[in-house]
Participant: 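First, the structure itself, so that you have it in front of you.
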Amino acid sequence: DYVATGNKVIINGGSFTNKIYGAYSQWGKVKENVVAVGGSTTEMKNVYGGYVNDANTAEKNWVTVTDGKIDNVVGGYSWSGDAIENSVTISGGTINKGVKGGQTADGSANGNKVIISGGEINSKIYGGYCTSEPADGNEITISGGKINSEVIAGGRSGNGTAINNVITITAASGEKPVFSADTIYGGDNTTSSKDKRTGNTLNIHTKGLEMKNIANFENLNFYLQEDTINGDTILTLTNAKGTDISGSNVNVGMAGSSSTLRAGDKVNLLTNSNGITADNVTYGRLQQGVSLEYEFTAELSGNSIVATLV
């Protein structure tokens with residue numbers, strides 16, 4: 001098989017009206033190609049780490065953005081083959097029309113990643129995006145930046161499954177990300193007959209977040225940081241029709257061993273003044289990445305999911 005691999009494009013300034021590719025193939029695979037974009041004067045339309053124009057695979061290609069203005073960023077794209085384990089990393093700059101770790105029209109989009117630690121995103125964000133096949137096992141990590149995205153979805157398929165996707169929100173870059181009217185989906189598709197919920201996980205490692213809504217997560221994991229105090233709110237949602245987390249697993253733990261929380265102190269894990277529906281929710285204790293010295297109970301109280309330190 002023909003393979004376009006090991007190519008690298010570095011851009012640190014200039015204006016580009018044509019598409020930019022780390023590698024482009026008409027008849028074969030693209031694998032492990034890179035586009036690195038920086039420079040405050042850089043302006044471009046569409047950037048692809050790797051691009052396949054037939055039924056072959058786009059695998060392990062990536063795009064990194066540190067500065068500049070870009071319309072669309074895609075780690076790896078295949079017209080009718082699979083987009084597998086591609087990635088986009090953004091630490092600065094402005095993206096205005098779209099961010100996708102991996103994208104395909106007729107194949108599957110599995111195992112792709114989007115990592116955002118800074119910059120401004122004025123577009124939808126997808127870990128994996130496809131039309132008819134599975135968009136499973138993708139990851140999005142957001143640890144900073146200004147996120148103005150109507151939709152953030154771990155996996156999005158028109159007619160396939162969108163399961164086992166993971167979205168993680170932290171303040172690891174030094175400042176927590178700022179969201180606007182965003183809805184975060186574990187999985188998203190346009191058909192009710194395919195699963196878009198099983199295994200989808202939202203991990204939250206910071207507090208004081210606000211966005212429109214969350215949907216299609218089987219697991220909601222809250223890692224309370226050591227600076228969490230009595231009465232803090234981790235995630236505030238504003239959707240006018242309320243928030244439905246029915247059937248989810250809500251897990252909580254303390255990520256550290258020097259918290260000032262004391263027995264009886266309460267933390268609002270999730271709140272929506274328009275109401276929360278939490279039928280058949282299972283409340284549990286995180287077992288990894290947390291201190292086992294702290295044990296919490298959790299329950300729906302009014303319009304909030306509240307955790308209490310035992």
Side-chain angles (χ1 to χ4, degrees), residues 48 52 55 57-59 72-88 95 97-116 121 123-142 147-169 179 181-203 211-221 237 239-249 277-281:
Y48 300 87
V52 177
T57 301
E59 180 180 359
N72 292 287
V73 181
V74 182
Y77 178 94
S78 178
W79 178 253
S80 55
D82 296 333
I84 303 171
E85 297 182 14
N86 303 284
S87 65
V88 171
I95 315 298
K97 292 188 177 180
V99 177
K100 301 179 180 77
Q103 181 181 3
T104 173
D106 292 327
S108 61
N110 297 334
N112 302 286
K113 295 181 180 181
V114 172
I115 302 168
I116 300 170
I121 315 297
S123 67
K124 297 177 181 179
I125 303 169
Y126 298 100
Y129 184 99
C130 62
T131 303
S132 57
E133 297 298 321
D136 299 342
N138 302 287
E139 298 180 26
I140 298 175
T141 300
I142 302 175
I147 315 297
N148 306 310
S149 303
E150 179 185 358
V151 172
I152 302 169
R156 196 275 182 189
S157 175
N159 296 303
T161 59
I163 62 175
N164 298 323
N165 299 292
V166 178
I167 297 180
T168 300
I169 302 174
F179 297 88
D182 311 276
T183 296
I184 297 184
Y185 300 88
D188 187 26
N189 58 31
T190 56
T191 176
S192 60
S193 64
K194 295 297 179 68
D195 191 353
K196 55 185 174 183
R197 186 174 176 279
T198 298
N200 292 329
T201 300
L202 176 62
N203 299 313
M211 63 188 65
K212 182 178 180 181
N213 210 7
I214 59 174
N216 302 335
F217 288 101
E218 182 178 18
N219 305 302
L220 302 172
N221 297 330
L237 302 172
N239 188 48
K241 295 182 178 180
T243 297
D244 191 346
I245 62 167
S246 295
S248 296
N249 303 310
T277 302
D279 299 334
N280 300 315
V281 167

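Computation of the quantities below employed the complete heavy-atom set of this structure, encompassing side-chain atoms and omitting hydrogens, waters and symmetry-equivalent molecules. Residue numbers count from 1 along this sequence.
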Participant: So which heavy atom on Ser132 is nearest to which on Ser157, and how close?
Facilitator: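 It is C-OG, 3.8 Å.
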Participant: Verify, without hydrogens or angle tests, whether Thr183 (side chain) and Val151 (backbone) share a donor-acceptor contact under 3.5 angstrom.
Facilitator: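 No, Thr183 side chain to Val151 backbone: no donor-acceptor pair under 3.5 Å.
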Participant: Among Asn203, Thr168, Val166, Val114, which one satisfies side chain to side chain contact (heavy atoms under 4.5 Å, CB included) with Thr141?
Facilitator: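 Checked Asn203, Thr168, Val166, Val114 against Thr141; only one passes side chain to side chain contact (heavy atoms under 4.5 Å, CB included): Thr168.
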Participant: As a quick check of understanding, evaluate side chain to side chain contact (heavy atoms under 4.5 Å, CB included) for Lys124 and Ile152, giving each step before the final call.
Facilitator: CA-CA 6 Å; Lys124 297 177 181 179; Ile152 302 169; over 6 Å; no
Participant: With a 3.5 Å distance limit and no angle check, can you tell me whether Lys194 reaches the backbone of Asn159 through a side-chain donor-acceptor pair?
Facilitator: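 Checking the backbone N and O of Asn159 against the side chain of Lys194, a donor-acceptor pair under 3.5 Å is found.
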Participant: Just verifying a value: how many Å separate Ile184 CD1 and Ile167 CD1, rounded to the nearest 0.5 Å?
Facilitator: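 CD1 of Ile167 is found 5.5 Å from CD1 of Ile184.
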Participant: Identify whether NZ of Lys or CZ of Arg in Lys100 sits under 6.0 Å from the centre of the six-membered ring of Tyr129 and within 45° of that ring's axis.
Facilitator: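 Geometry flag: set, cation within 6.0 Å and 45°.
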Participant: So how far is it from Thr161 OG1 to Asn189 CG, rounded to the nearest 0.5 Å?
Facilitator: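 Answer rounded to 0.5 Å: 8.0 Å.
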Participant: Where is the tightest heavy-atom contact between Ser149 and Ser123, given as atom of each residue plus distance?
Facilitator: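 Minimum heavy-atom separation between Ser149 and Ser123: OG-O, 2.5 Å.
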Participant: State, to 0.1 Å, how close Ser246 and Arg197 come at their nearest heavy-atom pair, and which atoms those are.
Facilitator: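 Nearest pair, atom of Ser246 first, then Arg197: O-NH2, 3.3 Å.
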Participant: Taking C-beta and beyond as the side chain, do Ile140 and Lys113 meet within less than 4.5 Å on heavy atoms?
Facilitator: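 SC-SC contact between Ile140 and Lys113 ruled out.
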Participant: Could you check whether any side-chain N or O of Asp188 sits under 3.5 Å from a backbone N or O of Ala153, counting only pairs where one atom can act as donor and the other as acceptor?
Facilitator: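 Here the side-chain-to-backbone pair does not exist.
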Participant: Taking it one step at a time, do Asp182 and Ile147 satisfy side chain to side chain contact (heavy atoms under 4.5 Å, CB included)?
Facilitator: CA-CA 8 Å; Asp182 311 276; Ile147 315 297; 4.0 Å; yes
Participant: Would you confirm whether Asp195, through its side chain, and Ala162, through its main-chain N or O, come within 3.5 Å as a donor-acceptor pair?
Facilitator: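 No; zero donor-acceptor contacts below 3.5 Å.
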Participant: Under 3.5 Å, is there a donor-acceptor pair linking the side chains of Ser108 and Asp82?
Facilitator: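 There is such a pair (donor and acceptor under 3.5 Å, judged by atom type) between the side chains of Ser108 and Asp82.
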Participant: Does the pair Asn138 and Asn164 meet the rule for a side chain to side chain contact (heavy atoms under 4.5 Å, CB included), with working shown?
Facilitator: CA-CA 7 Å; Asn138 302 287; Asn164 298 323; over 6 Å; no
Participant: Side-chain atoms of residues 213-220: list all donor-acceptor pairs with protein atoms under 3.5 Å, sequence neighbours left out, distances to 0.1 Å.
Facilitator:
unit_1: Asn213; atom_1: OD1; unit_2: Thr243; atom_2: OG1; d: 2.7
unit_1: Asn216; atom_1: ND2; unit_2: Gly187; atom_2: O; d: 2.8
unit_1: Glu218; atom_1: OE1; unit_2: Gly199; atom_2: N; d: 2.5
unit_1: Asn219; atom_1: OD1; unit_2: Asn249; atom_2: ND2; d: 3.0
unit_1: Asn219; atom_1: ND2; unit_2: Thr201; atom_2: OG1; d: 3.1

Participant: Between the side chain of Thr104 and the main-chain N/O of Ser78, is any donor-acceptor distance below 3.5 Å?
Facilitator: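 Yes.
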Participant: Taking all non-hydrogen atoms of both residues into account, name the closest pair between Asp244 and Thr277 and its distance.
Facilitator: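 Looks like OD1-O, 3.4 Å.
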Participant: What heavy-atom pair brings Gly107 and Cys130 nearest, and what distance separates the two atoms?
Facilitator: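 Scanning both residues, the minimum pair turns out to be O-CB, 3.5 Å.
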Participant: How far does CD1 of Ile115 sit from OG of Ser87, to the nearest 0.5 angstrom?
Facilitator: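 One finds 6.5 Å between CD1 of Ile115 and OG of Ser87.
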Participant: Please check if the side chain of Asn110 supplies one atom and the backbone of Asp136 the other of a donor-acceptor pair under 3.5 Å.
Facilitator: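 Pair found, side chain donor or acceptor close to backbone of Asp136.
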Participant: Check Ala58 against Gly76 and note the closest heavy-atom contact, atom names and distance.
Facilitator: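 What the structure gives for the nearest pair is CB-C, 4.1 Å.
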Participant: Enter the distance from Glu85:CD to Thr57:OG1 here, rounded to the nearest 0.5 Å.
Facilitator: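 That separation rounds to 11.0 Å.
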Participant: Please report the C-alpha distance between Ile116 and Ile121 in whole Å, then the side-chain angles of each, then the deciding distance to 0.1 Å, and finally whether the side chain to side chain contact (heavy atoms under 4.5 Å, CB included) criterion is met.
Facilitator: CA-CA 9 Å; Ile116 300 170; Ile121 315 297; 4.1 Å; yes
